[in-house]
Protein chains: 2
Amino acid sequence: MILRSHVEWALHCCAILAGLPEGKYLSTKALAEFHGLPKEYLSKALQALSQADLVDTTLGPTGGYRLAKPTSDITVLDIVEAVEGKARTFECTNIRAANPCRPAGFCDAGPCAVARVMWAADEAWRSSLRNVRLSDLVATVADDVPQDVWKSTGAWIARRAG
Amino acid sequence: MILRSHVEWALHCCAILAGLPEGKYLSTKALAEFHGLPKEYLSKALQALSQADLVDTTLGPTGGYRLAKPTSDITVLDIVEAVEGKARTFECTNIRAANPCRPAGFCDAGPCAVARVMWAADEAWRSSLRNVRLSDLVATVADDVPQDVWKSTGAWIARRAG
DNA sequence: ATATTAAGGATAATTTATATCCGTATGAAT
DNA sequence: ATTCATACGGATATAAATTATCCTTAATAT
């Protein structure tokens with residue numbers, strides 16, 4: 001089991017969009033160049049963010065993406081679920097229902113014990129992601145990156161913003 | 001992202017093996033019949049459990065599988081990792097390294113902030129699974145299943161055991 | 001001997017992930 | 001008005017992972 005690369009791309013793109021000057025947009029092309037990603041395919045991830053109302057878009061020569069909310073109102077889980085979907089990572093196919101000793105109506109009493117354990121772990125995963133806001137992530141990145149790189153990166157974003 | 005069906009199969013099979021009479025083995029064929037699964041493919045999951053030393057096997061007409069340890073010494077995570085692997089569910093491809101403003105030696109200071117957040121969630125997921133022992137799971141199943149079904153299921157297992 | 005089993009290699013089919021291409025509508029600049 | 005750059009969505013193609021089957025080999029009980 002591995003998360004789609006879109007998850008990684010979307011998180012990095014949101015972190016970059018957080019550094020965008022007020023009212024400006026950043027295009028798919030700029031985001032793809034910045035991260036060295038295939039523009040057309042990255043576009044699909046950004047569309048998913050748009051459909052989840054995490055980013056606003058506009059068309060035309062100065063068009064692109066910007067965050068639709070304050071970074072403190074977006075969680076990492078929001079971003080992950082926007083591109084990966086909200087479906088649980090464990091799918092119960094109810095194989096207990098094949099038990100040759102089953103009576104009629106077996107399994108009618110709710111999800112099986114295995115599914116409950118796996119779903120609890122899934123929820124622990126989501127909970128961990130829900131507890132990190134985009135603002136937290138950006139703060140951590142700012143902490144990691146040397147000040148001069150952080151500054152020139154911000155300038156690069158501003159230069160490419162339309 | 002979805003876990004392989006082997007995870008579900010392995011968990012249910014281990015729960016069944018927990019009800020096996022002392023010293024006996026249960027074959028792939030019996031486990032496949034019980035759960036309505038393709039025998040040959042289920043066999044791959046059981047081989048993974050064997051390679052992880054969670055089950056013992058023996059050949060011949062009375063051969064099959066049995067648990068290699070007490071149910072309280074096996075965690076759900078052990079079983080999940082045996083068939084799904086221990087690799088993290090988020091793979092960092094270090095796309096920050098493409099930053100056009102990067103200096104030489106950028107990214108040498110350890111994993112990026114995005115990866116750390118995702119890996120922390122992965123660890124929360126594993127931790128949740130690690131905290132459930134096979135004995136706990138079996139106890140929950142026993143609680144769920146009506147007594148008569150539980151008893152006849154145990155009899156079925158004993159009848160098919162070699 | 002014979003039958004039954006696990007193990008593992010080879011292969012195929014199916015599904016998902018990754019990636020590209022193209023047409024349309026929109027908005028900005030000239 | 002015209003031109004250009006953009007997001008969007010559909011269609012298609014390619015690659016990889018998952019699911020599944022088949023077959024051979026070695027071991028073991030009867």
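Every chain is numbered from 1 and lettered A, B, ... according to where its sequence line falls, protein lines coming before strand lines.
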Nearest to the side chain of [X] - [options]?
X        : options                   : answer
Ser5(B)  : dT18(C), dG27(C), dT19(D) : dT19(D)
Ser27(A) : dT18(C), dA7(D), dT21(D)  : dA7(D)
Leu59(A) : dA25(C), dT18(D), dT4(C)  : dA25(C)
Lys44(A) : dT19(D), dA6(C), dA11(D)  : dA11(D)

Taking atom [atom2] of [N] as reference, at what distance in whole Å does atom [atom1] of [X] sit?
X        : N       : atom1 : atom2 : result
Arg66(A) : dT6(D)  : CZ    : C1'   : 15 Å
Glu40(A) : dA17(C) : CD    : C1'   : 17 Å
Tyr41(A) : dA15(D) : OH    : P     : 15 Å
Glu84(B) : dT18(D) : CD    : C1'   : 10 Å
Lys24(A) : dG27(C) : NZ    : P     : 18 Å
Leu46(A) : dG9(D)  : CG    : P     : 12 Å
Asp53(B) : dA7(C)  : CG    : C1'   : 15 Å
Leu42(B) : dT5(C)  : CG    : P     : 14 Å

Check the phosphate of [N] against [X], side-chain N and O only, distance under 4.0 Å to OP1 or OP2. Yes or no?
X        : N      : result
Thr57(A) : dC8(D) : yes
Thr28(B) : dA6(C) : yes
Gln51(B) : dG8(C) : yes

Verify the ring-centre separation between Tyr41(A) and His6(A): is it less than 6.0 angstrom?
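Close enough - the centres of the two rings lie under 6.0 Å apart.
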On DNA chain C, check which nucleotide each of Lys39(A) and Lys29(B) is closest to and give me the residue with the more 5' one.
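With Lys39(A) and Lys29(B) compared, the 5'-side residue is Lys29(B).
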I want to confirm an ordering. Mapping Arg4(A) and Tyr65(B) to their closest nucleotides on DNA chain C, which one lands closer to the 5' end?
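Its nucleotide being nearer the 5' end, the pick is Tyr65(B).
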Answer yes or no: is there an ion pair linking [X] with [Y], defined by an N-O contact shorter than 4.0 Å?
X         : Y         : value
Arg88(A)  : Glu123(A) : no
Glu81(B)  : Arg126(B) : yes
Asp148(A) : Lys151(A) : no
Lys69(B)  : Asp56(B)  : no

